[in-house]
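Presented below is the structure to which this report refers.
Throughout, protein chains are lettered first and strands after them, A, B, ... in sequence-line order, and every chain is numbered starting at 1.
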Amino acid sequence: MTLRLTNTFSGAKEAFAPLDTNRVGLYVCGVTVYDDCHIGHARAAVAFDTLVRYLRHRGFHLTYVRNFTDIDDKILNRAAQEGVDWTQISRRYVEAYYRDMNPLGLVRPDVEPRATDHIPDMLQLIERLVEKGYAYAAGGNVFFAIEKFPAYGRLSGKNIDELIAGARVEPSEEKRNPLDFALWKAAKPGEPSWPSPWGPGRPGWHIECSAMSMKYLGESFDLHGGGRDLIFPHHENEIAQSEAATGRPFARMFIHNGFVNIRSEKMSKSEGNIIALKDIYRHFTPEALRLYLLSTHYASPLDYSDDNLRQAEQRTFRVYKLLSTVRPDLSPPPDALDAELTRFNDVMDDDLNTPAALALIAGRFDALASDLHATGRPRPLDAIALARAAILAMGAPLGLFQADPQDYFARVTQLHLTQIGLTAAAIEERIAERTQARSAKDWARADRIRADLKAQGVALEDAKDRTTWRVDL
RNA sequence: GGCGCGGUAGCCAAGUGGUAAGGCGGCAGUCUGCAAAACUGCUACACAUCGGUUCAAUUCCGAUCCGCGCCUCCA
């Protein structure tokens, strides 16, 4: 089977056939750095990270580019609010991006271009558009004339006349058409600016992605991605300005991830229902979040729920617990994994069906658990080795289950102890107390201690010779 | 208003022209002082509604209802 992906141009799954199998290009619209990352950013990042991992798993030689928008109205507004230089804001939130996103185990893009490092590239592109008659200068601004580009609306399926009729855009005196968009914005007093043939100013939002994607991936490349909300106008405008300038097709496939909703409503600044990653991480491990995000297909809406995230944490815990019980020296015969991976590839080839892939992992999990608990028969070591290897091999393109189980346990335990305000020493003390009660057969007292700890979020497990504890997820 | 997406068991969530993965939950068993964990088995009247096409539809087509998104910054 070949990989099929939903292409926004057609709305249908299409076979992924790169221009050149030796050099597949993917450009993903990153973030504007003016605030902390939220769970929606995480979803987009994980979706495209999975695409990257899977493409490489399938043998494609991929160049992955993801930008930072580091000059923008929102950044300037925030700087003005705080009374600091705008570069402080952009620098701070690039750092915040890595702080929030690195824990998710994201593959680092090959290139992470920043808009402000590419002003000359953008100016060149704008000049080309002006020369070709697709853009016009007005009052120090430069606008793209959408009526010069007949294919405008092709990605988003919008009809230009209807857009104009229903445009909520304030008609600007400088724009010939209300839908024309800024390639270059004249500097207002006090704003940062760069020199240009049209006077000092700064780039419009869309031009950076055209300039940077084509610079690193070529004028035509394979894949371009981002959140659904970028379809219009951002990606529509990128296509228009890029194809107008080069006369060649821009990205061949557009891939868009669905939103994270809160109680069925879109999470957004204006709704005030943003869930920041740093807040999630106070309660859950990044890997559980990743598993949670992958349990829904990337293009579908995902209704955020604490409870489902907790289930993902429990699931992660169980998988690591099982993996940690397998002897580390066991390994399967060389080609034994092929059949497993074929099944995995088949479901992932179908538009990255991660829920189905997770079901396959669940199947291997059950087999492994069952074999490890084999009673009345010799432990099937080959099957055990194979099942574990399969879980790890299928987990790799998903970015799951690759950590050292002990590291995961340490992290999740520390997280919860911090939350509930208990220390390991305090728990051990209570256990010692209870062990005494138990040897005295004072079951009431022993059970009370156990119930107390349970109420605080610590579960006790009595083994033959000793009592262990774990955080109650 | 224009364009688009979705409605699958208690919850989450795949999928298919021939009565439907997986997870969570629930129930029972083994184990245990009792539990928990783990394993084993079981569980569910699930495919929004109404028509149509078809030998056969949850899967295709149409309509209806409901929910959501984009059209303005937004992952």
Under 4.0 Å between any heavy atoms, over every strand shown, what does L360(A) touch: base, sugar-phosphate, or nothing? Just pick one.
-> nothing
Options rC68(B), rC12(B), rA14(B), nucleotide nearest the side-chain atoms of N308(A) = rC12(B)
Can you check whether W443(A) stacks with the rG33(B) base, using ring centres under 5.5 Å and planes within 30°?
-> yes
Within the structure shown, what part of the strands sits under 4.0 Å from R470(A) by heavy-atom distance: base, sugar-phosphate, or nothing?
-> sugar-phosphate
Quick one: label R154(A) by what it contacts on the DNA or RNA (base, sugar-phosphate, nothing), any heavy atom closer than 4.0 Å.
-> nothing
Please state whether the rings of H234(A) and W205(A) are parallel, tilted or perpendicular, taking 30° and 60° as the class boundaries.
-> parallel
Taking N and O atoms by type only, does the side chain of D462(A) place a donor or acceptor under 3.5 Å from a partner on the base of rC34(B)?
-> yes
Ring geometry between F409(A) and F317(A) (parallel below 30°, tilted from 30 to 60°, perpendicular above 60°) = tilted
Looking at every strand, decide which applies to H297(A) at a 4.0 Å heavy-atom threshold: base, sugar-phosphate, or nothing.
-> sugar-phosphate
For rC42(B), which nucleotide is its Watson-Crick or G-U wobble mate, given both distances must be under 3.5 Å?
-> rG26(B)
Separation of Y298(A) atom OH from rA13(B) atom P, in whole Å?
-> 17 Å
Would you tell me if any nitrogen or oxygen in the side chain of R318(A) comes within less than 4.0 Å of OP1 or OP2 on rA38(B)?
-> yes
Within the structure shown, what part of the strands sits under 4.0 Å from N257(A) by heavy-atom distance: base, sugar-phosphate, or nothing?
-> base
Base, sugar-phosphate alone, or nothing: which one does R315(A) contact when heavy atoms must sit under 4.0 Å apart?
-> sugar-phosphate
Comparing W205(A) and N261(A) on RNA chain B - which has the more 5′ nearest nucleotide | N261(A)
Between H206(A) and P233(A), is any pair of side-chain heavy atoms under 4.5 Å apart?
-> yes
Tell me what L460(A) touches on the nucleic acid: a base, only sugar-phosphate, or nothing, going by heavy atoms under 4.0 Å.
-> base
Rounded to the nearest 0.5 Å, what separation is found between the NE2 atom of H41(A) and the CD1 atom of I39(A)?
-> 12.0 Å
Look at the side chain of R450(A) and decide which nucleotide, out of rC68(B), rA35(B), rA75(B), has an atom nearest to it.
-> rA35(B)
